[in-house]
Amino acid sequence: MGEPWRDTAAWSLAAEVSRYCGEDLEELLLRTPTDVLRRTDLAQLSVFTVTLMAYAEAARSGALDDAVACAGHSLGEYAALTAAEVLTLPDAVALVAERGQAMREAERLRPGTMGVLVGTGLREAEALAAEVRFEGLDVWVANVNAPGQTGLSGSAEGVERAAELAPGVGAKLIRLSVGGAFHSPFMAPAAERLGRALRTVRFAPGDLPVVANVDAEPYAGDGNWAELAVRQLSSPVLWEKSVRTLTGRLGCRRLVELGPGRVLTNLIRRIDPDVEVIPVDGPGALKDLAAV
């Protein structure tokens, strides 16, 4: 995923992140097999680094000079905090590394998985999860992504049972290739470990407000980000509501997705079809951004 950025000035971030976390990001981003990159801690460091590369190049072009707020989905929240200068790069890298390792350890202690329920609303998804739990299996709402798309998280048996029941609410469940039940109570051990790391980090007032995953509220210097980050590990990501905060209360009419892929762009278009969304997943996309 790093190849598109290899010939940009932002590529220097690979060496910088490597220095702060002890992993070889150039190796991870250019030569590491996909099956190795599925490892939670390595995947998170890789995605975080590429996201910052995209941000650095977009900022260097001047295209983000009129930005009024930041937000990120799950791991992306750490990139958003870095872009808003709430976190320094060394602190952000240290937290992303610790978070990934903590989540990987939680996976070992209590294996789980995730799936995306498509074709029905949040109320039906919550009722479905409650029905599965009533049967004695573990599954919870983990991501409220967009209208008609809700992530579920829990045990393999719980997610499988949710898939069986999904047609009954006019939906289907698409299984995700993950080893953990992220944003669910299964991540409680990870939250405890991350909480200890967060006590050593200073959160600055920042240049821009960041919309938090756990409550979709914008926080600047008044945000208790240590507490919000701990809650995020075992609470649902309220992405749909976060986007509505950006486009509603904060008045954003153009959103820029920075990093690998265009998943958030597709979600945003479902949440608010009238807002302009520009994905920057490679240097070539910067031309689209500059043309606006």
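When side chains are defined from C-beta on, T32 does not count as touching R39, because their heavy atoms never get closer than 4.5 Å. Side-chain contact between V132 and L165 is present, with heavy atoms from C-beta onward closer than 4.5 Å. Considering only heavy atoms from C-beta on, N143 stays 4.5 Å or farther from F182 through its side chain. Taking the side chain as every heavy atom from C-beta outward, R269 and L255 never approach each other to under 4.5 Å. Side-chain contact between P218 and V210 is absent, with no heavy-atom pair separated by less than 4.5 Å. Residues E240 and R244 form a side-chain contact, since some pair of their non-hydrogen atoms from C-beta on lies under 4.5 Å apart. Contact annotation: the side chain of F186 never approaches that of S153 to less than 4.5 Å [non-hydrogen atoms, C-beta and beyond]. Side chains of E16 and L89 form a contact here, defined as non-hydrogen atoms less than 4.5 Å apart.
When all heavy atoms are compared, the tightest approach of A102 to A190 is O-CB, 3.5 Å. Residues L137 and E157 come closest through the heavy atom pair CD1-O, 3.8 Å. Nearest heavy-atom pair, G158 versus S155, reported as atom, atom and distance to 0.1 Å: N-OG, 2.9 Å. C21 approaches L45 most closely through the heavy-atom pair SG-CD1, 4.0 Å. Contact detail for L198 and F203: the closest heavy-atom pair is CD2-CZ, 3.7 Å. Here the closest heavy-atom approach between residue C70 and residue L208 is recorded as SG-CD1, 3.8 Å.
Rounding to the nearest 0.5 Å places CG of N266 at 11.0 Å from CD1 of I271. Rounding to the nearest 0.5 Å gives a distance of 8.0 Å between OG of S74 and CG of L233. L25 contributes atom CG, which lies 7.0 Å from atom CE of M53 (distance to the nearest 0.5 angstrom). Between atom CD of residue E107 and atom OG1 of residue T40 there is a gap of 3.5 Å, rounded to the nearest 0.5 Å. Taken from CZ in R254 to CG in L246, the straight-line distance is 14.0 Å, to the nearest 0.5 Å. Rounding to the nearest 0.5 Å gives a distance of 11.5 Å between CG of L95 and CD of Q44.
Partner of L173 under the side chain to side chain contact (heavy atoms under 4.5 Å, CB included) criterion, out of L128, T150, V116, L152: L152 alone.
Every residue meeting the side chain to side chain donor-acceptor pair (under 3.5 Å) condition with R262, not counting sequence neighbours, appears here in chain and number order: D281. Taking the side chain to side chain donor-acceptor pair (under 3.5 Å) definition, one finds that R31 meets it with E27, sequence neighbours left out. Partners of E77 by side chain to side chain donor-acceptor pair (under 3.5 Å), not counting sequence neighbours, listed by chain and number: N213, Q232. Judged as a side chain to side chain donor-acceptor pair (under 3.5 Å), and not counting sequence neighbours, the contacts of E98 are R193.
Of the possible polar contacts, none joining the T247 side chain to the C252 backbone as a donor-acceptor pair under 3.5 Å is found. Remark: side-chain polar atoms of R270 are paired, donor with acceptor, to backbone N or O of P147 under 3.5 angstrom. Not a single donor-acceptor pair under 3.5 Å links the side chain of S46 to the backbone N or O of L28. No donor-acceptor pair under 3.5 Å is formed between the side chain of T49 and the backbone N or O of A14. Judged purely by atom type and a 3.5 angstrom limit, R202 has no side-chain atom pairing as donor or acceptor with the backbone of T88. A donor-acceptor pair is defined here as one N or O able to donate and one able to accept, closer than 3.5 Å; such a pair exists between the side chain of T245 and the backbone of K241. Between the side chain of T113 and the backbone N or O of A156, no donor-acceptor pair lies under 3.5 Å.
Linking ILVMFWY side-chain heavy atoms closer than 4.5 Å, directly or via other members, places L258 and L267 in two distinct hydrophobic clusters. No continuous path of ILVMFWY side-chain contacts below 4.5 Å connects L109 to V178, so the two sit in separate hydrophobic clusters. No path of Ile, Leu, Val, Met, Phe, Trp and Tyr side chains, each step under 4.5 Å between heavy atoms, connects L81 with L264, placing them in separate hydrophobic clusters. There is a path of hydrophobic side-chain contacts, each under 4.5 Å, that joins L75 to Y219. In the hydrophobic clustering of ILVMFWY residues, with side-chain heavy atoms under 4.5 Å counting as a link, I174 and V263 come out apart.
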Point to revise | Test side chain to side chain contact (heavy atoms under 4.5 Å, CB included) applied to R161 and V139, step by step | key: CA-CA 9 Å; R161 181 57 177 153; V139 73; over 6 Å; no

Exercise for review: Could you give me the CA-CA distance, side-chain angles and deciding distance for V159 and M114, then say whether side chain to side chain contact (heavy atoms under 4.5 Å, CB included) is met?
Suggested key: CA-CA 7 Å; V159 172; M114 299 181 71; 5.9 Å; no

Point to revise | Stepwise side chain to side chain contact (heavy atoms under 4.5 Å, CB included) check, V201 with W225 | key: CA-CA 10 Å; V201 171; W225 279 107; over 6 Å; no

Exercise for review: Decide yes or no on side chain to side chain contact (heavy atoms under 4.5 Å, CB included) for F48 and T82, but give the supporting numbers first.
Suggested key: CA-CA 10 Å; F48 172 77; T82 308; 4.0 Å; yes

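Among residue pairs with one or both ends in residues 238-289, those qualifying as ring pair (Phe, Tyr, Trp, His ring centres under 6.0 Å) are H73-W239; sequence neighbours excluded. The side-chain hydrogen bond (donor to acceptor under 3.5 Å, both in side chains) analysis of residues 115-134, with sequence neighbours excluded, yields no pairs.
Enclosure of atom CG in D7 is not indicated, since only 12 or fewer non-hydrogen atoms of other residues, nucleotides or ligands lie within 6.0 angstrom.
Between E57 and R60, at least one side-chain nitrogen of the basic residue sits less than 4.0 Å from a carboxylate oxygen of the acidic one, meeting the salt-bridge criterion. For E227 and R231, the salt-bridge test passes: some basic side-chain N is under 4.0 Å from an acidic carboxylate O.
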